[in-house]
Amino acid sequence: MNTIVALLATFPIVFFFSLLFEGIDRKIHARMQKRIGPPIIQPFYDFIKLFNKERIVPVTAASGIFTAVPIIAAAVSILGAAIPVVNLITGTSIVGDLILVLYLLAMSSVMVMIGGSSSGNPYGAIGFSRKMTMMIAYEIPMLISIASLSFNPCFSLAYYDVVATQIRMKSLLAFTRLSMAVAAATFLLCVPAAADAVPFDISEAKTEIIHGSLIEYGGPYLALIKLAKAASNFTLAFLAATLFFYVPALFEGYVSLGLGVALCLCLVTSLIFMLLTTTVPRTIFARLKIGQAFKFYWLIPLTLSMLSVALSIVGL
Amino acid sequence: MTDKSDDAKEIKVDYTRLRIPFGPVHPALKEPISLRVTVRKEEILDVDIRLGHVHRGIEALAENRNLVQTLYLVERICGICCHSHTTCFTQAVEEIGGIKPSERALYLRTLIFELERIHSHLLILGLVGYDIGFETLFMFCWHVREEVLDLFEEITGNRVHHAMNTIGGVRWDLPPHLIEKVNVSLKKIEKSAKYIYDVFQDKTVEKRLCEVGVLSYNEAQELCIVGPTARGSGVSMDVRRDYPYAAYKELKDRFSVVLKYGADTYARTEVRISELFESINLIRTILDELPNGSISMEESVLKLMREIPEGETVSMVEAPRGELLHFVKTDGKEGLRRLKVRTPTLANILGLKPMLIGGEIADIPVTLASIDPCIGCANRITVVDEDQGEVRVIGLEDLRRRGRKR
Amino acid sequence: MSVTARSRIKSPWLFHLNTGSCNGCDLEIVAALTPRYDVERLGCVLVGSPRHADVLLVTGPVTRQMLPRVIRVYEQVPEPKVVVAIGSCASSGSPFLGSQMIEGPLDKIIPVDVYVAGCPPRPEAIVMGIVTAVKRKFG
């Protein structure tokens, strides 16, 4: 019972930080382009405004799926974002493990895809096929890099076990073993594609296919989809920051720092990782084509993830 | 029953093919053009280009207006190459009237012309960046472009429609303190242009531009492609060199025509970047050699206009996008009997089909940007059916058939 | 001011529709996005689909071919929406007034909230037009 209450209490926190992170991302992106940029709380304005707009369902759309999908996507990704946070706060692994988190992340992408293809717009269909290809490209290395955690004798796929191990070892996971460093690199390489950021925002390319799946969505539906995206970006950054680089571990976990400070440290680290993996590439690269992106993911991250598994098995 | 089964046999829908409308309203396009693209997955099988969304009937309007009014109308054919249009038109009128503008006026015309080329090329380089999702490059190019617009504003008073040309000369002089200012700005622009050149060497940019939208030398010649698009395919043509006008007669040897042989989008982009440097050097030469004298005729423009006799002529200039051609036929009573405009985009748009077929959907916006389309310039025949309230664009085949009927 | 009204004023998403303009106004709209003017500091984003938009920026004197599209795009924008006519062409039809191909000016076809005059208007004027329109309608 307590777990459920804790989980529900985490929802507003996740909601707040997802949108705040998006605002910081946009601000820094603008500053890098010599612009002033929107205020940091801009995503909140956008969310409230979109939520109070007219609901339009196109005639060509399958209305049931079209309207249900954004709600499911938002619920699923908020839940996905809340699980690691609640596990960290309670210091247990009662609510779900890493597989569930990754599954929820993928689920929210799939939901948006389905929504796009149910809209009856040809661009939505192209967005569907592009996103599908991208998911095949990046999900496999990402899953393997997470799975390689469990090949180590002292780890499991339960989220808090990994964190606890770092606290025990008083070091960041990525720096303890070679295999874990490779796994961390793989995971970070997969983040931009999972977050739909340039150079891998092929499924939502504005100038090519007019936002792809999102083309027919407007008003509250769009607000929910945007929220879902912000929440999954937050989850990805939070996972990267806590699984591989749990900074409070350096100060012996909660013992010397207290829960609040530890959580703040985690959030700051995840913000830094989000800026590195999403904002910077989005500023300095051009969008790749679908074939090129696919080739990249199957050449470099996949090889790296295999390497991390091999190294884990050897025991490095 | 049998009928139905026969029908079913006949209609074989290929479900792997998808027909997508690209435009007329599309975020990659700043102007409406409609491409109907047939694709299989990402590959483009066929392209159908429809023009006419911006047809405003300028040629017909010109027949009801006098020459000075038409000068301002012609400027509004296109907001990017407005100075090219007015230069072309005034040249034609001056030729018919036997008016010879002063040397200084011609040099000033050329100065604005080259500034316009810099602004137009920076604009399209930015849009190429935008179309491949490289927003920072777009922001940078347009930031540099503001520098040129400031110069325009200082010299002519306007950012976009300069209204610099008038029959028999130009409307604004270039005082010495502005020459200084132009020189300072040119330094800044040159530095930024070098930086832009470096950015285009970026790996992701190269991946998006190389081997995309290939238009071979032969195709370019057959389709009469003009301007930087032709020069990117190795066709050596430049009106400034081949049929010099304005001050280019004296400046002919002071610039070189940039040729690239890559024939793809990257080559066209390279041509534009190199032309930035050529234009900067040319402007420096113009500023050094600016002759003294008056900038316009002693008589007023209206008096000059009344004296223009009946006659017809063709005038050509090298607009930023390529060869621009005006056919002007005056009626000797202040007005025009016929105005015909052949814009570079109208010639280049034919090249789109060979460029796009076989490519990917992702290539459409950037290929389109690489020919630097100015749709405002390019729209021609549209027929409106009043009874049915429908609008059709009539192709050559249709016109022939109608011709035979009559 | 309610939270909703404030959010609407702070986040106007733009959709740009060219209905036969000469490019001048379109260039100035795009120039308003770039570092010197940067409308994103006011929360404006140029979106690609009319379904996402709040503010419809229309340039050009509305040619006959674009007429049905103008109406369709206007209908696709969800309520509440604002229409801003950019440039003299959209506001009054000049200098193409009298052409057979022109169906405009824009206010004959769809309701217009704010007119930004000029041929073309400067980016500052366009930004001012957007802000005025949004404040008047939502504030």
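Predicted, not measured: the structure shown is a model, and the values here were computed from it. Order of the sequence lines fixes the chain letters, A, B, ..., with proteins taken first and strands second; residue numbering starts at 1 for each chain.
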Participant: Around atom NZ of C:Lys10, are there more than 12 heavy atoms of other residues, nucleotides or ligands at under 6.0 Å?
Facilitator: no
Participant: Would you say the side chain of C:Val30 lies within less than 4.5 Å of the side chain of B:Phe138, judging by non-hydrogen atoms?
Facilitator: yes
Participant: Taking all atoms of both residues into account, what is the closest heavy-atom pair of C:Phe96 and B:Arg76, and its distance?
Facilitator: CZ-O, 3.6 Å
Participant: For each of B:Arg145, B:Arg65, B:Gln69, B:Glu135, tally heavy-atom pairs with chain C at distances under 4.5 Å, and name the one with the top tally.
Facilitator: B:Arg65
Participant: Please report the shortest heavy-atom distance between C:Leu27 and B:Trp142, naming the atom on each side.
Facilitator: O-CZ3, 3.6 Å
Participant: Pick whichever of C:Cys25, C:Gly24, C:Ala31 has the most heavy-atom pairs under 4.5 Å with chain B.
Facilitator: C:Ala31
Participant: Please name the pair of heavy atoms, one in C:Thr34 and one in B:Met139, separated by the smallest distance, quoted to 0.1 Å.
Facilitator: CA-SD, 3.8 Å
Participant: Within the supplied structure, the quantity of interest is the number of heavy atoms (other residues, nucleotides, ligands) at a distance under 6.0 Å from B:Arg338 CZ; does it exceed 12?
Facilitator: yes
Participant: Check C:Pro95 against B:Leu73 and note the closest heavy-atom contact, atom names and distance.
Facilitator: O-CD1, 3.8 Å
Participant: Would you mind checking which part of B:Glu153 comes under 4.5 Å of any heavy atom in chain C, side chain (CB onward), backbone (N, CA, C, O), both or neither?
Facilitator: side chain
Participant: Heavy atoms only: give me the nearest C:Arg36-B:His143 pair and the separation to one decimal.
Facilitator: N-ND1, 4.1 Å
Participant: Rounded at 0.5 Å granularity, tell me how far CD in C:Glu28 sits from CG in B:Leu149.
Facilitator: 6.5 Å
Participant: How long is the gap from SG on B:Cys82 to CG on C:Asn23, to the nearest 0.5 Å?
Facilitator: 10.0 Å
Participant: So which heavy atom on C:Cys119 is nearest to which on B:His161, and how close?
Facilitator: O-CD2, 3.6 Å
Participant: Got a sec: does the CZ of C:Arg6 have more than 12 other heavy atoms crowding it under 6.0 Å?
Facilitator: no
